[in-house]
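What follows is a short report on a single structure.
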Amino acid sequence: KGSTWGYGEENGPSLWHKDYPVAQGSRQSPIDIVPSEASFDPRLAPIQLSYDQCTSINISNNGHSVVVEFDDSDDRSVIHGGALPNPYRLRQFHFHWGEKGCHGSEHTVAGKAFVSELHLVHWNAEKYKTFGQAAQEPDGLSVLGIFLETGDDHRWLHKITDALYMVKFKGSVSDFKGFNPKCLLPSSLHFWTYPGSLTTPPLHESVIWIVLKEPIVVSEKQMGKFRMLVFNGEEEDLRSRMENNFRSPQPLKGRKVLASFK
Ligand SMILES: Cc1ccnc(S(N)(=O)=O)n1
Ligand SMILES: [Zn+2]
């Protein structure tokens with residue numbers, strides 16, 4: 001049986017196209033964002049995150065990242081603005097990161113990578129009945145990308161890093177109530193936006209990407225706690241530290257990146 005995809009030598013991003021030919025498609029993500037080539041679009045509405053009624057449910061290790069899931073049975077937590085035609089519902093957030101001292105973001109800015117990248121995944125519940133269906137439509141999803149750089153401790157990230165020991169192994173799930181990801185936003189909501197894809201299989205070209213210009217600051221110690229997670233299940237002999245779970249920038253193929261700021 002074909003091995004499932006991952007980030008290793010035998011199943012990493014350069015091989016994903018074999019099982020997921022869309023990997024070589026015309027609107028793949030991530031990309032290298034070149035600010036001087038992005039065009040300021042005054043028509044872009046400011047990003048608004050209405051997360052005050054959001055309901056986080058659990059935190060889990062899916063063998064590729066650590067994921068916090070939300071109750072998306074109604075419009076209690078939505079993102080609107082940017083180039084979005086209507087509000088999109090928050091479904092989950094997760095992270096991508098590198099190894100100690102190295103970079104791990106997926107998007108880069110003029111070739112500069114950050115230590116990590118947070119993805120807040122939303123779906124167009126006004127137009128589609130389920131997340132799964134929306135994930136296969138060109139306007140189905142919107143992912144808000146936030147860069148992480150190292151410096152001082154992030155005062156709220158500890159709520160997540162303190163829970164990571166409970167989800168060390170693939171397949172582990174733990175209660176995670178009352179977390180509002182608004183506490184993970186930088187002060188500026190200036191953004192770039194472009195049409196792209198999921199950055200992990202099935203790599204559907206269904207994402208309107210919104211990437212914030214300003215990174216948030218977290219400490220190397222906090223990042224270290226992400227690296228104590230492992231890709232493998234508790235019962236597997238082969239232990240492999242969860243790190244470098246990022247895809248590299250993909251060809252722009254003529255796409256335009258819009259900027260919400262001058
Ligand atoms: C929910 C989901 C699946 C796959 N990839 C992504 S991502 N990394 O593009 O946000 N999100
Ligand atoms: Zn992601």
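Remember, it's 1-based here, ligands and their atoms both numbered in the order they're listed. Heavy atoms only: backbone and side chains are in, while hydrogens, waters and symmetry mates are out.
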Judged by heavy atoms only, the candidate from His64, His119, Arg247, His94 nearest atom 11 (N) of ligand 1 is His94

In Leu141, Asp139, Val78, Val121, the residue satisfying side chain to side chain contact (heavy atoms under 4.5 Å, CB included) with Tyr88 is Asp139

Taking every heavy atom of Ser206 against every heavy atom of Leu198, the minimum-distance pair comes out as OG-CG, 4.5 Å

Closest non-hydrogen atoms of Trp97 and Asn245, given as atom of the first, atom of the second and distance, are N-OD1, 2.8 Å

For Gln92, the ligand 1 atoms with a heavy-atom partner under 4.0 Å come out as 1 (C)

Filtering Leu120, Asn245, Thr200 for the heavy atom nearest atom 4 (C) of ligand 1 leaves Thr200

Going by the 4.0 angstrom heavy-atom rule, the piece of Phe93 near ligand 1 is neither

- Message: Could you check whether Arg91 makes a cation-pi contact with Phe131, meaning its NZ or CZ is under 6.0 Å from the centre of the six-membered ring and within 45° of the ring axis?
- Response: yes

Notebook entry, point to check: Hey, does the side chain of Glu236 reach the backbone of Gly233 with a donor-acceptor pair shorter than 3.5 angstrom?
Noted result: yes

Checking distances from the Zn ion (ligand 2), one finds that the N, O or S atom of His119 closest to it is ND1

heavy-atom search around atom 6 (C) of ligand 1 in the protein gives Leu198 CD2, 3.7 Å

The answer for which part of Arg91 has a heavy atom under 4.0 Å from ligand 1 is neither

Taking only non-hydrogen atoms of Trp209 and a 4.0 Å limit, the atoms of ligand 1 in range are 9 (O)

Would you say Trp123 touches ligand 1, if touching means a heavy atom closer than 4.0 Å?
no

If you scan protein heavy atoms around atom 8 (N) of ligand 1, the nearest is Thr199 OG1, 2.7 Å

Counting heavy atoms under 4.0 Å, the part of Val121 that contacts ligand 1 is side chain

Of all heavy-atom pairs linking Trp16 and Thr200, the shortest is CZ3-CA, 4.0 Å

Here the pair of heavy atoms bringing Arg227 nearest to Glu243 is CD-OE1, 3.6 Å

Quick note on ligand 1: atoms under 4.0 Å from a heavy atom of His96 include exactly 8 (N)

Taking OH in Tyr165 as the centre, count heavy atoms belonging to other residues, nucleotides or ligands within less than 6.0 Å. Is the count above 12?
no

